[in-house]
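Right, one structure below, let's go through it.
FYI, side chains are in, hydrogens and waters are out, and symmetry mates aren't considered; it's all heavy atoms of this structure. Numbers here simply count residues along the sequence, with the first being 1.
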Amino acid sequence: MSSGSSTLPAVVGVYGGGRMGAGIAHAFLVSGSRVVVVEGDDALAEAARGRVASSVGKAADRGVLIGSPEEVLGGLTVTTTPTDLAGCALVVEAVPEDTALKLTVLRQAEQAAPDAVLATNTSSLSVSALAAGLARPDQFVGLHFFNPVPASDLVEVVVGEQTAASLVDDARCWVSALGKTAITVQDSPGFASSRLGVAIALEAMRMVQEGVASAEDIDTAMTLGYRHPVGPLRTTDIVGLDVRLAIAEHLTRELGPRFEPPQVLRDKVAAGELGRKTGRGFYDW
């Protein structure tokens, strides 16, 4: 694909069909690409298909879908066989934040589609470190989508040490073709968004822990005082407290003690209070 092409790849692979992967699949499907989603087993594959179908259906209900849900979903393949990624021009991995797991699926994608651009949706892991384990590190880039993907306007294009400049141009154009806005960030711990977002959220947690104010009032301070659409603690519940804890621990290792997770976060995760997905976090859902 030529540098700066605004045309989306005709066939896009998404490895991982959880909340983020399903959202990424949605974004490419509604923009005209065919999408192949790879999951680990039949049950996970069926759940992924259901997530994408539900998301596309909601878009239709809001009147923002071009064509019928059936037509859009006709471009979706969900499989448990990584070799079905053959023919994809772009494969985005969207599996949990574990370096070994991400490298495993990226290498499978690289074997199945040796000419494809590979991308990671990681929110905090090093793009350069992942690239070092691949055969074509110049054709690897970070595409950090935000949750929920269909409603979010932002994608971070994360540039690894060996990422080709032409690929950065292409990636920014693909993001634009999805109707979203790209920011370009050099590979660094937490990139721009996670580093800033987690820093604010951790301080909000410390304020709850110290009894400074309630979670609701802290969030209201940010939504009304700083025009954040959602406060940092409600955002943490939506993202998942376990996800936030893992990112904070990673940033502590990379950047130092200012990202040390507060005890209240560790306690809630240990108690299974992970936010919206479990019904309770800093809020009851």
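Without hydrogens or angle criteria, Ser31 side chain to Phe28 main chain gives no donor-acceptor distance under 3.5 Å. No side-chain donor-acceptor contact under 3.5 Å links Thr163 to the backbone of Asp138. With hydrogens and angles disregarded, a donor-acceptor distance shorter than 3.5 Å links the side chain of Ser68 to the backbone of Glu71. Put simply, the side chain of Ser33 never gets that close to the backbone of Leu29: no donor and acceptor are under 3.5 Å apart. In terms of modelled atom types and a separation under 3.5 Å, the side chain of Thr104 and the main chain of Ala100 share a donor-acceptor contact. Remark: side-chain polar atoms of Arg51 are paired, donor with acceptor, to backbone N or O of Gly17 under 3.5 angstrom. Using modelled atom types, no side-chain atom of Lys277 and backbone atom of Gly240 make a donor-acceptor pair closer than 3.5 Å. Of the possible polar contacts, one joining the Arg258 side chain to the Leu255 backbone as a donor-acceptor pair under 3.5 Å is found. Distance alone, capped at 3.5 Å, places no donor-acceptor pair between the Thr81 side chain and the Thr83 backbone. Ser152 places no side-chain N or O within 3.5 Å of a backbone atom of Pro148 that could act as its donor or acceptor partner.
Between Glu260 and Arg253 there is no salt bridge, since none of the side-chain N atoms of the basic residue sits less than 4.0 Å from a carboxylate O of the acidic one. Ion pairing of Arg206 with Glu203 is present here, as a side-chain N (NZ or NE/NH1/NH2) and a carboxylate O approach within less than 4.0 Å.
Between Gly16 and Val95 the shortest heavy-atom distance is CA-CG1, 4.2 Å. Contact between Ala48 and Glu39 at its shortest, heavy atoms only, is CB-CG, 4.1 Å. The two residues Ala112 and Pro82 come nearest to each other via the heavy atoms CB-O, 3.3 Å. The two residues Arg195 and Pro189 have their closest heavy-atom pair at CD-O, 3.5 Å. Pro261 and Leu202 get closest at one heavy-atom pair: CA-CD2, 4.3 Å. Between Leu118 and Ala109, the shortest heavy-atom contact is CD2-CB, 4.0 Å.
Counting heavy atoms from C-beta on, the side chains of Asp42 and Thr80 come closer than 4.5 Å. A 4.5 Å side-chain heavy-atom check between Val56 and Leu65 finds at least one atom pair inside the cut-off. The shortest distance between side-chain heavy atoms of Val38 and Val14 does not fall below 4.5 Å. Annotation: side chain of Leu241 is in contact with side chain of Phe282 (closest heavy-atom distance under 4.5 Å). Phe140 places a side-chain heavy atom less than 4.5 Å from the side chain of Leu106. For the pair Pro9/Trp174, a side-chain contact is recorded, criterion being any heavy-atom separation below 4.5 Å from C-beta on. Counting heavy atoms from C-beta outward, Asp115 and Gln139 have side chains that stay 4.5 Å or more apart. Looking at Ile238 and Asn147, their side chains come closer than 4.5 Å, going by heavy atoms from C-beta outward.
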Go through Val158 and Val141 one step at a time and tell me if the side chain to side chain contact (heavy atoms under 4.5 Å, CB included) criterion holds.
CA-CA 6 Å; Val158 185; Val141 68; 5.9 Å; no
Verify salt bridge (charged side-chain N to carboxylate O under 4.0 Å, His left out) between Arg266 and Glu249, making sure each step is shown before the conclusion.
CA-CA 11 Å; Arg266 295 190 184 278; Glu249 289 177 331; 2.8 Å; yes
Using the side chain to side chain contact (heavy atoms under 4.5 Å, CB included) rule, take Leu265 and Gln209 through it: C-alpha gap first, then chi angles, then the decisive distance, then the call.
CA-CA 9 Å; Leu265 176 59; Gln209 183 172 290; over 6 Å; no
For Thr184 and Val168, what are the C-alpha separation, side-chain angles and deciding distance, and is it a side chain to side chain contact (heavy atoms under 4.5 Å, CB included)?
CA-CA 8 Å; Thr184 303; Val168 177; 4.2 Å; yes
In sequence, state the C-alpha distance, the side-chain angles, and the governing distance for Ile218 and Leu233, and then conclude on side chain to side chain contact (heavy atoms under 4.5 Å, CB included).
CA-CA 8 Å; Ile218 292 167; Leu233 295 169; 4.3 Å; yes
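Thr77 and Arg34 form no side-chain donor-acceptor contact under 3.5 Å, judged by distance and modelled atom types alone. A donor-acceptor contact closer than 3.5 angstrom is absent between the side chains of Glu216 and Tyr283. With hydrogens and angles left out, the side-chain atoms of Ser193 and Glu156 include a donor and acceptor closer than 3.5 Å.
Residues Tyr15 and Val78 do not share a hydrophobic cluster, clusters being chains of Ile/Leu/Val/Met/Phe/Trp/Tyr side chains in contact below 4.5 Å. When the side chains of ILVMFWY residues are joined at heavy-atom separations under 4.5 Å, either directly or via intervening members, Val11 and Val72 end up in two distinct hydrophobic clusters. Val105 and Val12 fall into different hydrophobic clusters, where Ile, Leu, Val, Met, Phe, Trp and Tyr residues are linked whenever their side-chain heavy atoms come under 4.5 Å apart, directly or through other members. Leu85 is not connected to Val117 by any chain of hydrophobic side-chain contacts under 4.5 Å among Ile, Leu, Val, Met, Phe, Trp and Tyr, and they are in different clusters. Hydrophobic clustering (ILVMFWY, side-chain heavy atoms < 4.5 Å, transitive): Val175 and Met20 are in one cluster.
Taken to the nearest 0.5 Å, the CG atom of Leu251 stands 8.0 Å off from the CD atom of Glu254. To the nearest 0.5 Å, atoms CG (Leu143) and OG1 (Thr122) are separated by 12.0 Å. The distance from the CZ atom of Arg276 to the CZ atom of Arg234 is 10.0 Å, given to the nearest 0.5 Å. To the nearest 0.5 Å, atom CD1 of residue Ile24 and atom CD of residue Glu93 are 8.5 Å apart. Expressed to the nearest 0.5 Å, how far CD of Glu46 lies from CG of Asp41 amounts to 11.0 Å. A distance of 4.0 Å separates OG1 in Thr120 from NZ in Lys102, rounded to the nearest 0.5 Å.
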Report, one line per pair, each donor and acceptor closer than 3.5 Å where one atom sits in a side chain of residues 123-137; sequence neighbours left out.
{"unit_1": "Ser123", "atom_1": "OG", "unit_2": "Glu97", "atom_2": "OE1", "d": "3.4"}
{"unit_1": "Ser124", "atom_1": "OG", "unit_2": "Glu97", "atom_2": "OE1", "d": "3.2"}
{"unit_1": "Ser126", "atom_1": "OG", "unit_2": "Ser128", "atom_2": "N", "d": "3.3"}
{"unit_1": "Ser126", "atom_1": "OG", "unit_2": "Ala129", "atom_2": "N", "d": "3.0"}
{"unit_1": "Ser126", "atom_1": "OG", "unit_2": "Asp187", "atom_2": "OD2", "d": "3.0"}
{"unit_1": "Ser128", "atom_1": "OG", "unit_2": "Glu161", "atom_2": "N", "d": "2.9"}
{"unit_1": "Ser128", "atom_1": "OG", "unit_2": "Asp187", "atom_2": "OD2", "d": "3.0"}
{"unit_1": "Arg136", "atom_1": "NH1", "unit_2": "Pro114", "atom_2": "O", "d": "3.0"}
{"unit_1": "Arg136", "atom_1": "NH1", "unit_2": "Ala116", "atom_2": "O", "d": "3.0"}

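The aromatic rings of Phe146 and His144 sit tilted, their planes meeting at an angle between 30° and 60°.
When the shell of 6.0 Å around CG of Leu154 is examined, it contains more than 12 heavy atoms from other residues, nucleotides or ligands. Gln263 CD: more than 12 foreign heavy atoms inside a 6.0 Å radius.
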